[in-house]
Amino acid sequence: RKPSAEEFKRQHMDPDSPPNSRPTYCNRMMRRQGMTKGSCKRVNTFVHESWATVKAICSQRQMTCKTTRRNNCHKSSSTLHITECRLKGSSKYPNCDYTTTDSQKHIIIACDGNPYVPVHFDASE
Ligand code: ADP
């Protein structure tokens with residue numbers, strides 16, 4: 001599958017919900033956004049900020065990606081409101097059961113293409 005901003009939005013953007021999510025947030029959102037089809041995606045982060053805010057990170061500090069060693073990652077200069085979803089060890093497909101953890105952290109994303117836009121969520125710290 002070709003990396004795209006639309007895929008990034010589907011998997012990582014939730015600008016309209018507040019950061020103080022309910023414990024069931026990840027179970028609901030991971031299913032709704034198509035990340036529990038065929039298998040349960042193990043870890044995924046949702047960002048509760050505008051697309052303008054996230055897109056702007058592509059012009060912030062460049063660094064080596066933590067997961068791919070490519071050099072097109074960028075770290076946000078500010079902390080952002082995020083929710084981290086992590087598959088529970090006891091979860092059995094097709095019942096994808098996640099822990100929901102809210103936090104405020106810097107995020108590291110990969111950007112690609114022309115226009116240069118977010119295509120992959122690399123890490124948060
Ligand atoms: P995510 O990594 O955002 O959780 P995916 O696993 O679907 O979600 O990855 C999104 C896409 O970004 C994939 O097509 C992946 O190959 C691609 N990708 C991963 N790292 C980079 C990178 N450093 N630069 C460009 N594309 C990348």
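All ligand and atom numbering here is 1-based and tracks the order in the structure. Side chains are part of it too, since the values below use all heavy atoms of this structure and drop only hydrogens, waters and symmetry mates.
- Close contacts between ligand 1 and Asp112 involve ligand atoms 25 (C) [criterion: under 4.0 Å to a heavy atom].
- Set against the non-hydrogen atoms of Thr68, the atoms of ligand 1 under 4.0 Å away are 20 (N), 23 (N).
- Within the 4.0 Å heavy-atom shell around ligand 1 one finds Gln11.
- Judged purely by distance below 3.5 Å, without hydrogens or angles, the side chains of Glu84 and Ser124 pair a donor atom with an acceptor atom.
- Between His74 and Tyr116, the ring planes are perpendicular. Angles over 60° get that label, and only those under 30° would be called parallel.
- Residue Val119 touches ligand 1 through backbone and side chain together, judged by heavy-atom distances below 4.0 Å.
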- Message: Applying disulfide bond (SG atoms under 2.5 Å apart) to Cys73 and Cys111, what does each step give before you reach the verdict?
- Response: CA-CA 6 Å; Cys73 273; Cys111 303; over 6 Å; no
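- The backbone and the side chain of His120 each have at least one atom closer than 4.0 Å to an atom of ligand 1 (non-hydrogen atoms only).
- For residues 54-76, the pairs satisfying salt bridge (Lys or Arg N to Asp or Glu O under 4.0 Å) are Lys66-Glu125, Arg70-Asp112, Lys75-Glu125, with sequence neighbours left out.
- Within the 4.0 Å heavy-atom criterion, the part of His12 lying near ligand 1 is the side chain and not the backbone.
- Per-residue contacts place Lys41 under 4.0 angstrom from the following atoms of ligand 1 (heavy atoms of the residue considered): 1 (P), 4 (O), 8 (O).
- The closest side-chain heavy-atom distance from Phe8 to Trp51 is below 4.5 Å.
- Annotation: side chain of Asn44 is in contact with side chain of Met30 (closest heavy-atom distance under 4.5 Å).
- Checked by distance only, ligand 1 and Arg70 come closer than 3.5 Å through their nitrogen or oxygen atoms.
- Taking any N or O of Cys73, backbone or side chain, none lies under 3.5 Å from an N or O belonging to ligand 1.
- Using a 4.0 Å cut-off to heavy atoms of Cys65, the atoms of ligand 1 that qualify are 23 (N).
- At a threshold of 4.5 Å between non-hydrogen side-chain atoms, the residues Asp14 and Thr83 do not count as touching.
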